Each structure stands twice: as C-alpha cells, then as structure tokens.
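Counting starts at 1 for both ligands and their atoms, in listed order. Just so it is clear, the structure is predicted and the values come from calculations on it, not from any experiment.
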Amino acid sequence: FLVFGFFPLASPSPLRPGQARVSFAPDPRRRPSVKPHPFRPSGMAADMAGCCCFSCFGFLRKLHHRPAAGDSDGAPSKDLLLPLPRSSDDGSFYAGDDPDNSSSFLGDESRSFYEREEEDYLLRQSDGDGDDEPPRKRSEDIILSRARNGFACRDSLVRDTRKLFRSEDETTGCKMINQYVHLGKIGAGSYGKVVKYRNIKDGRLYAIKVLSKHYMLKVRVVRSETAMTDVLREVSLMKMLDHPNIVNLIEFLSMLRGKWCAITV
Ligand SMILES: Nc1ncnc2c1ncn2[C@@H]1O[C@H](COP(=O)(O)OP(=O)(O)OP(=O)(O)O)[C@@H](O)[C@H]1O
C-alpha cells in the first residue's frame, strides 16, 4: 500500500494564534485583531492576513525545525515506488510483504523515485532537448528544493510511516491497519478510493485515500509522467501546506515492497 496520510474527516485544521477562518464578505467594523508579524505585509495582502499563513500566497518563511530522520521525517518518502506484494480483498489494507518479489519499479531500487526523477532531468538538460530554450525547472525540483531547505508553511510535520500491519478490531471484528479501524468506503477519486477509518488512539474519524502503486505507474498522464508522479507531487505539496481550504495531510503510509499506498486526511 501507498498510504499517503490521514486527514481528520470533515474537520478543519485548528487555528494557530493570529489565524482566522476565510470570510468571503468581511465586515470592516469587525476586523480580527492580528498581532504584528514580520511576514505580514500591508495593504490588500494585509486583508488576507486572517485567512492563512503567507506561505500559501508565496510569502514563504523558513521554519526553524528541520525534518528529523525516522518514521516521521516530513521529507518526501524515498521508498514510494518499491514494489509491494499481494493486494487485499478490497484494496483498503496492506497485505504484507512479499519476500519473493525482489524486483523494483523501473528496475532500480538503489535510488529513490525523486533521485531518478532528478537524474532524468539533468540528463535532459545535458542533451539540450533538441532546442535552444534554456532548461526550465520542473515543479518537482522546486518542491524538493523548498522542502530540503526547510521552507514550509506548516508547523507540524506529516508523519511518514513505513511500517504497516493488519489486524482486526477485537470489539467489532472490523479490519484494521495500524491503529485505524476500517469503517467503510466514502468515495472514489481518479486514482483510488477513500475509506473512513477511526483512530483507536484518539477516537477521531479520518479519511484514508488508498492507492495502488502498480495501477498508478501504468497510467500515463502526459508523455513523461505517470499518475504516480502526479500523486507524489500532490503529496509533496500537501506536506508543506497548511490552509483552512486544503485538507490537512496527517500521515503518509507506504511500505517498502508494498503494492498499495494510502494517504490519511
Ligand atoms: N477528508 C475527507 N473527508 C470526507 N470525504 C472525503 C475526504 N477526502 C475525500 N473524500 C471523499 O472521497 C471522494 C474522492 O476523493 P479523492 O480525493 O480521491 O478524489 P477527488 O479529489 O474528488 O478527485 P481526484 O482523484 O481527481 O483528485 C471525494 O469526492 C469525497 O467525497
């Protein structure tokens, strides 16, 4: 499974000091009192001060913390494209490692998806791509460079979980993945389905988007990109963003040699 993260179901992210919800018809007499902030501009931009942090509008600030190593490093996962094993019945669970499956996606498991993408980009540059235009930076390069330099607009890092185990809830008999109890399908998107889960640790509901790596690698969105590229780019962006109008990515779950991935929101 590629597990992309958990967002609290239909519940907006909590406000930080100095933040307020978006108001489309603001009453000028009731302006929120916002403390002066070194990154808050004046004029029209200042009117937007209440709705989110400025990173979402291009006023990027550099956070003091750096991604830490380990399960929750907040950095793009390095193992997203390694092949996973058997699929589960409904595609909503990690089905276990497959020790016999030693091949890797794209035939190279020594480098991550992002490393391969970077290398391809450099090769294209050195080839000149057959035209005289100067090489343009791709969105992946920009996102990666910002993440590596600590630029993000969220204070809490997205958990990056590499270990998945399946079990059953003792009370209800429902299937479980890690601490999440399967409650039922909510909907389906272009690349996978969204399932409702309850976290037994905090009792809250979460939506988990479950995606098949195998399927996403087969779907080509443009000539040089697959659906996997698309999804990983979205995850990279969500790892950096914190905005009331964007679902909050909580956890990205992806097993080495797993067949599926999932995003919890
Ligand atoms: N956090 C959530 N809370 C409640 N329902 C959700 C949540 N996330 C997704 N859903 C439901 O699952 C459906 C599919 O979501 P998903 O994100 O997979 O697709 P999409 O964004 O509609 O389209 P695409 O896959 O093209 O991005 C949504 O239309 C919605 O009904």
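- Atoms of ligand 1 lying under 4.0 Å from any heavy atom of Ile186, numbered from 1 in the order shown and given with element: 5 (N), 11 (C).
- Per-residue contacts place Ala207 under 4.0 angstrom from the following atoms of ligand 1 (heavy atoms of the residue considered): 1 (N), 2 (C), 7 (C).
- Under a 4.0 Å criterion applied to the non-hydrogen atoms of Ser190, ligand 1 contributes the atoms 24 (P), 25 (O), 26 (O).
- Between Phe252 and Val235 the shortest side-chain heavy-atom distance falls below 4.5 Å.
- With sequence neighbours left out, the side chain to side chain contact (heavy atoms under 4.5 Å, CB included) criterion links Glu168 to no other residue.
- Between Glu234 and ligand 1, no N or O atom pair is found at a separation short of 3.5 Å.
- A donor-acceptor pair under 3.5 Å links the side-chain atoms of Asn199 to the main chain of Lys201, judged by distance alone.
- Residue Val194 holds the heavy atom nearest to atom 12 (O) of ligand 1 of all those in Val194, Val247, Leu205.
- Any N or O atom pair closer than 3.5 Å counts here, and Tyr191 shares no such pair with ligand 1.
- Considering Val247, Val194, Val231 as possible partners of Lys209, the one that fulfils the side chain to side chain contact (heavy atoms under 4.5 Å, CB included) test is Val194.
- In terms of modelled atom types and a separation under 3.5 Å, the side chain of Arg198 and the main chain of Gly203 share a donor-acceptor contact.
- By the criterion of a heavy-atom distance under 4.0 Å, neither the backbone nor the side chain of Lys193 is placed next to ligand 1.
- His182 is not listed as a side-chain neighbour of Ile177, based on a closest heavy-atom distance of 4.5 Å or more.
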